[in-house]
Amino acid sequence: MQYEHQRIEEKWQAKWKADKTYRVLNATDRPKYYVLDMFPYPSGAGLHVGHPLGYIASDIVARYKRHSGFNVLHPMGYDSFGLPAEQYAIQTGQHPAQTTKTNIEGGFDKEGRPVAGYRNQLDRMGFSFDWDREVRTSDPAFYKWTQWIFLQLFDSWYDAAQQKARPISELIACFEEKGSAGQDTSVLTGDIEQFVGGFSAAEWRSFDERTRQMVLQHFRLAYLSDAWVNWCPALGTVLANDEVKDGVSERGGHPVERKRMKQWSLRITAYAQRLLDGLDALDWSESIKEAQRNWIGRSEGATVRFPIGEDFIEVFTTRPDTLFGVSFITLAPEHVLVGKFTTPDRRAEVEAYVNSAKNRSERERQAEVDKVSGVFTGSYAKHPFTGAEVPVWVGDYVLAGYGTGAVMAVPGGDQRDWRFAKHFGLPIIAVTEGADTEKEADERKDATICSKGFLQGLKVPQAITRAIQELEKLGAGEGKINFRLRDAAFGRQRYWGEPIPIYYQDGIPYPLPESELPLKLPEVDKFLPTEDGEPPLARAANWSYNGHPLETTTMPGWAGSSWYFLRYMDPHNAERFASPEAIQYWQQVDLYVGGSEHATGHLLYFRFWTKFLFDRFWITFDEPARKLVNQGMIQGVSRFAEEIRIEASLKAKFDSRELVLKVMDTSGVLNQIEIPPHSDATGYHIYCSSGTPLQFEFVDKATGARITTVRSHHHANIRFVTEESVDGRNVHHIDIDSWLKEEPVYHPIVITDVPERAIWDYRMGTWSSLTTERSLTSRPLWVVRPEVEKMSKSKFNVVNPDDIIAKYGADTLRLYEMFLGPLEQSKPWDTNGIEGTFRFLRKFWNLFHANEASAHTGSSSNAPAPSTLRVDSLHVTDDAPTKAELKILHATLKKVTEDIEKMSFNTSVAQFMIAANELGSLKCNKRAVLEPMVIALAPFAPHIAEELWEKLGHATSVTTAPWPKWSAEHLVEDSFSYPISFNGKTRLQLEFPIALDAKSVEEQVLANPEVQARLEGKAPKKVIVVPKRIVNIVV
RNA sequence: GCCCGGGUGGUGAAAUGGUAGACACGAGGGACUUAAAAUCCCUUGGUCCGCAAGGGCCGUGUGGGUUCAAGUCCCACCCCGGGCACCA
């Protein structure tokens, strides 16, 4: 009987659904285990083979834990708010809710193309999700609680003394009693720190409502303020710092500029220290923890105030020990005091500089890091220690958003200050012994201070401590810890997100009462901003509460994902985001699996919200996930080409000569092409891969002399698109005409089967191998080579799991993805190896069935019809297993059990293969061996396991079977074959009983004639015997 | 520049300091078959010697070191991937 994956998988998927096999109940007497996957954004492109990698791994762990007696929560849902659905809505007018529903449940898109649906695709993989617990962040029943948490944040302030969030009412009570005195007010604002003027209790009571609310805004964890934001004009919205990469938006790559505007923000900076400290106890990969540490960016130092007239400039420095080396002060162009300190004679120049700096985008500023620019304000500040006059400059190397937006420049100890000083001819004072300040600044942290003053002769660390003491004594500054982390921009000028439950009365934001939640997204006529630039929600009719206008921005994509893990615990609760009982039972996530690209976005907000909910006593733990595993990316293989044109200027050299063109990269000559003399007026067009820079050498065929060399600097970056399969062959679309013009468009001309390394002969219309010599005409040639990159629809290199499942089945795909290599490692998708895992499943299946091959050959002329064959070909006996068979079984159970605990799935699949091969050659068909094997395989290949389990006569699902325990007694060996090595090099094998002690082994080894022959009569210097390991003879 | 990972056959990859290359793909050879598919068996790191059985040498990015023994530990360097970056 054959292994029919399609029939088996359809049968069991239907049965699991009907029986609710994977439903999880909250209260049981079994211990809990919570396995969570990062939920996907349901895009129209559907799943590709990269997505399930993590899901398969977590599913194996979830199933294994279930077999091991745990009550396992393993849910799945959708992060269903997001930009693509909204962009699609803008283009087609289809409501994002509809697009989202179709993308999840399947159907047809607006253009009538079929959409498989995430749910259907996931179901086909055989995952053990409890779908009764599905969540969608765009579901009002879900986002009601996202809004509710926002209201809690709005209703909270961070008490720096107690290091926790508290209700704002307690702060108000404090103000009424004592005013703003004391530590209570030392809260970061998240931007450049602003000074909240102190006030007494009496003053507070005399404040009007508006003033009180303005003051409270400085303390709320969700607050509205003027803030520098990352404004992306192309997307028409503000972005958080982690959504901007290299000055462009992470999604879409649109330019981003800094802009000051009213903006909802979350005060994540208040949690900076706790987010940092909490990392130590987490079982997360070191690289993610490091990424978070870098992102939080804690630095210890001091603030120093430099008096200037009645005023002062405050700077932050990590090196107060270099204070005596200060030769100027630099302000960021955006610094609020720039205007104030500019003298009249300098005003024109300073304003021009500030304006040009402001108008340059972030990207331009980053690109011009090497360029020094700045301008003198004309003012001088006083050095707090020496009283010296310190000129105040403006320079764009100082960032407005970090520290105080101003630096004390120490050219002798800071390379950036040094370059600025060199460029403008400012004095450079040596601060450390042995520094050559003519050449560069000395940034060593183990140096000795040499600048004049009380720090002279001290080592840097001691000097820092001393300098802070002196500053504090003088009242000119104090020790200070600064963080790079900025508060998170929380408002998005977009439609498809959670509405922020805030209304405005006299321009002051007030929270919507809880009873009004969820505040549902209104209907709008268009998903675009209004004519006067208001967000789409401003288009809604009656977007108000009791006549007061409602907030028009929506929450960012990461709002729902910051707490969704709690909702799975109790997904249908209408009274609370989750009941205390459910939270108490499920606690933290025990294993969280997802991509490392969320290191500084989602994973930081996820921890922040958890800590906040903990502070306000809604949950009983302050970290969301105990263990985190990052699955690697499955990459796609793309094929590129690039263009070189050899135009008129070069053409003259080629005329009337026979040439040889050598195509080379760093590894040498890839190809040689003979070029006949030609008279084409346009010159040559050569199209080449962009994988590595190529070089083209033209050689005179007759003399061998090199005529000219051309580098491939004209990149066209043409992508060969593998978009569809026709008759099992990949069809590559490419638009040559638009390519020749400039911008690539993926379409018209269809080329089939692009080889990995090839030249496209335009004239012949064929591909030929790179090694073939061929003549070049004036027609273009392409050289194509593969390049590995991220798999995504926009790169046209997607492999769809549905196609693989149709051919091999989900069990094969699951095994193959695990077999590919360590989970954390990224690897290109390559279908070539999949036959191996498919063959393994067939072998495994055949262990349970009579050998039909022999039956066939014996009676090939009158073989039974397939239907009768199918009836009962199970061939399993109840005979007692042999020692060898038990050894294979228990070795497999041991390896697989240990490997699942380590999440080393590739090696467990290998062990299954070994077992199947060995049991196959032993012709083992004994129930006592095969039955435990079925259970052990079930987490990896659940469908085939269920089918075999049923055939073995079980009425209940294999998922209910207890995990088979391995026992050491079956693994004991009687003897061991010792590798005998000479000076560490293995030369022969000798077998001795395990029980034989080291001394006897040594004697017998030395008595061995072959060993004697190798010793050539000489006595060994030393003999090392490691029992059950090795014998090493030193000669 | 700084901080994390990682460099092993033609390919994906194994390997508590103890026989490097398990397992799989691919390739080559063979069996069965009219044929194909499927299945099974053998070979497969490089290189040299030998008709053969067999044997020698080299080999885990490079160079040193520790050790009876190093892919694994230590030092220096090179390369690849990721994160951070005029962050004071």
Side-chain angles (χ1 to χ4, degrees), chain A residues 2 245 285-295 297 299 301 315-319 322 330 332 365-366 368-372 395-399 401-410 413-417 419-420 443 482-486 596-597 599-600 630 632-633 788 815-816 819-822 824-837 839-840 842-843 846 851-854 856-857 860 904 906-914 917 920-921 977-989 1020-1026 1028-1035:
Chain A
Q2 279 200 351
K245 287 248 148 69
S285 76
E286 206 42 51
S287 63
I288 293 280
K289 291 206 257 185
E290 272 304 310
Q292 293 212 344
R293 287 190 190 109
N294 284 340
W295 190 260
S299 42
V315 302
F316 173 75
T317 176
T318 54
R319 295 289 302 275
T322 62
T330 317
R365 274 172 80 161
Q366 280 182 13
E368 292 168 10
V369 156
D370 292 335
K371 255 195 223 158
V372 177
D396 71 354
Y397 79 97
V398 178
L399 301 179
Y402 183 76
T404 62
V407 301
M408 55 176 227
V410 183
D414 183 293
Q415 192 57 28
R416 293 157 306 195
D417 296 338
R419 287 195 349 173
F420 196 84
E443 297 186 336
N482 206 28
F483 293 95
R484 198 190 75 97
L485 184 71
R486 303 289 86 207
S596 55
E597 66 272 23
T600 50
N630 302 113
M633 228 166 16
V788 171
L815 280 171
Y816 182 58
F819 188 60
L820 230 36
E824 295 89 343
Q825 226 163 77
S826 289
K827 49 238 154 189
W829 177 260
D830 174 9
T831 319
N832 291 337
I834 202 164
E835 292 283 347
T837 48
R839 267 176 222 157
F840 156 70
R842 208 155 40 198
K843 274 186 216 168
N846 288 338
N851 189 340
E852 284 163 42
S854 57
H856 263 299
T857 47
S860 59
S904 171
N906 54 330
T907 49
S908 31
V909 175
Q911 180 62 37
F912 278 121
M913 289 173 169
I914 294 168
N917 289 342
S921 47
S977 175
Y978 281 88
I980 313 299
S981 55
F982 290 76
N983 292 336
K985 288 181 196 216
T986 308
R987 285 298 124 110
L988 63 143
Q989 305 264 323
K1021 278 193 192 138
K1022 201 172 176 185
V1023 179
I1024 287 115
V1025 178
V1026 185
K1028 283 185 72 180
R1029 271 284 136 79
I1030 200 166
V1031 175
N1032 191 17
I1033 300 168
V1034 187
V1035 289

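These values consider heavy atoms only, across backbone and side chains, with no hydrogens, waters or symmetry-generated copies. A note on names: the letters A, B, ... follow the listed sequences, proteins ahead of strands, and every chain is numbered from 1.
Using a 4.0 Å heavy-atom cutoff across all strands shown, A:N906 reaches sugar-phosphate atoms only and no base atom. Note on A:I1024: a base of the nucleic acid sits closer than 4.0 angstrom, heavy atoms only. Residue contacts for A:Q911: at a heavy-atom cut-off of 4.0 Å it reaches no nucleic acid atom on any strand shown. Residue contacts shown for A:V398 include a base, since a base heavy atom lies under 4.0 Å away. Here A:K843 lies in heavy-atom contact (under 4.0 Å) with sugar-phosphate atoms only. Within the nucleic acid shown, A:K1021 has no heavy atom closer than 4.0 Å to any nucleic acid atom. At a threshold of 4.0 angstrom between heavy atoms, the contacts of A:S596 with the nucleic acid are absent. Using a 4.0 Å heavy-atom criterion, one finds that A:V1026 contacts the bases of the nucleic acid, with or without backbone contacts as well.
Using a 4.0 Å cut-off, no side-chain N or O of A:K827 falls inside it from OP1 or OP2 of B:G81. Close to B:A24, at under 4.0 Å from its OP1 or OP2, lies no side-chain N or O of A:R839. Here A:Q825 reaches the OP1 or OP2 of B:A13: one of its side-chain N or O atoms lies under 4.0 Å away. Contact annotation: A:K1022 side-chain N/O to B:C68 OP1/OP2 distance is under 4.0 Å. The phosphate of B:C4 (OP1 or OP2) has no side-chain N or O of A:R293 nearer than 4.0 angstrom. Between B:A38 and A:N846, no contact under 4.0 Å exists linking OP1 or OP2 to a side-chain N or O. For A:R484, no side-chain nitrogen or oxygen approaches OP1 or OP2 of B:C86 to under 4.0 Å. Between A:T330 and B:A88 there is no side-chain polar atom (N or O) within less than 4.0 angstrom of OP1 or OP2.
The nucleotide B:G26 finds its pairing partner in B:U44, both defining distances of the Watson-Crick or G-U wobble pair being shorter than 3.5 Å. B:U39 is paired with B:A31 under the Watson-Crick or G-U wobble criterion, all donor-acceptor distances under 3.5 Å. The partner of B:C2 is B:G83, by the rule that a Watson-Crick or G-U pair needs both atom distances under 3.5 Å. When both pairing distances are held under 3.5 Å, B:G63 makes a Watson-Crick or G-U pair with B:C75. In this structure B:A88 sits in no base pair that meets the Watson-Crick or G-U test at under 3.5 Å. With a cut-off of 3.5 Å on both pairing distances, B:A15 has no Watson-Crick or G-U wobble partner at all.
Residue A:K985 contributes atom NZ, which lies 13 Å from atom C1' of B:A20 at whole-angstrom precision. Atom CD in A:E835 sits roughly 11 Å away from atom C1' in B:A38 (whole-Å rounding). As rounded to whole Å, 13 Å separates atom P of B:U19 from atom CD1 of A:I980. Protein atom CD of A:E597 is 17 Å distant from nucleotide atom C1' of B:C84, rounded to whole Å. Look at CG on A:N917: it is 12 Å from P on B:U39, rounded to the nearest Å. As a whole-Å value, the separation of A:M633 CE from B:G81 C1' is 10 Å. With rounding to whole Å, A:K289 atom NZ is found 12 Å from B:G5 atom P. The interatomic distance linking A:E824 (CD) with B:A13 (P) rounds to 13 Å, in whole Å.
Under a 3.5 Å cut-off, the side chain of A:N1032 and the backbone N or O of A:G984 do form a donor-acceptor pair. In terms of modelled atom types and a separation under 3.5 Å, the side chain of A:S981 and the main chain of A:I1033 share no donor-acceptor contact. Although no hydrogens or angles enter the test, the distance criterion places no donor-acceptor pair under 3.5 Å between the side chain of A:Y978 and the main chain of A:Q989.
The nucleotide whose nearest atom lies closest to any side-chain atom of A:A910 is, among B:C23, B:C4, B:C86, B:C23. Closest approach to the A:M913 side chain among B:A20, B:A14, B:A24 is made by B:A24 (side chain taken as heavy atoms from C-beta onward). Here the side chain of A:T907 is nearest to one of B:A14, B:A88, B:C86, namely B:A14. Listed nucleotides: B:A22, B:A88, B:U39. Nearest to the side chain of A:I914: B:A22. Checked against B:C4, B:A15, B:C84, the side chain of A:E286 finds its nearest nucleotide in B:C4. For A:T318, the listed nucleotide lying nearest its side chain is B:A88; candidates were B:C84, B:A88, B:A24. Between B:A24, B:G83, B:U19, one nucleotide has an atom nearer to the side chain of A:F819 than all others, and that is B:A24.
Rounded to whole Å, the P atom of B:C49 lies 40 Å from the corresponding atom of B:U39. A gap of 11 Å separates the P atoms of B:U60 and B:U8, to the nearest Å. Rounded to a whole angstrom, the distance from the P atom of B:C75 to that of B:A22 is 32 Å. Of the P atoms belonging to B:G59 and B:A69, the separation is 15 Å, rounded to the nearest Å. Using atom P as the reference point in both B:C58 and B:A70, the two lie 13 Å apart (nearest Å).
Comparing A:M408 and A:P822 by the nucleotide of RNA chain B whose heavy atom lies nearest to each, the residue mapping closer to the 5' end is A:P822. When each of A:R319 and A:R987 is assigned the nucleotide of RNA chain B with its nearest heavy atom, A:R987 is the one assigned upstream, toward the 5' end.
Residues A:D417 and A:M408 have side chains not in contact (no heavy-atom distance under 4.5 Å, counting atoms from C-beta outward). In this structure, A:N906 and A:P822 have side chains that are in contact, with non-hydrogen atoms separated by less than 4.5 Å. Between A:E443 and A:D414, the closest side-chain pair of non-hydrogen atoms falls below 4.5 Å. At a threshold of 4.5 Å between non-hydrogen side-chain atoms, the residues A:I980 and A:T986 do not count as touching.
The aromatic rings of A:F420 and A:Y397 are tilted relative to each other, their planes meeting at an angle between 30° and 60°. Ring orientation note: the planes of A:Y816 and A:W829 are nearly perpendicular, at an angle over 60° on the 30°/60° scale.
Syn is the glycosidic conformation of B:G9, whose angle stays within 90° of 0.
A:N294 contributes no side-chain N or O that forms a donor-acceptor pair with the base of B:C84 under 3.5 Å.
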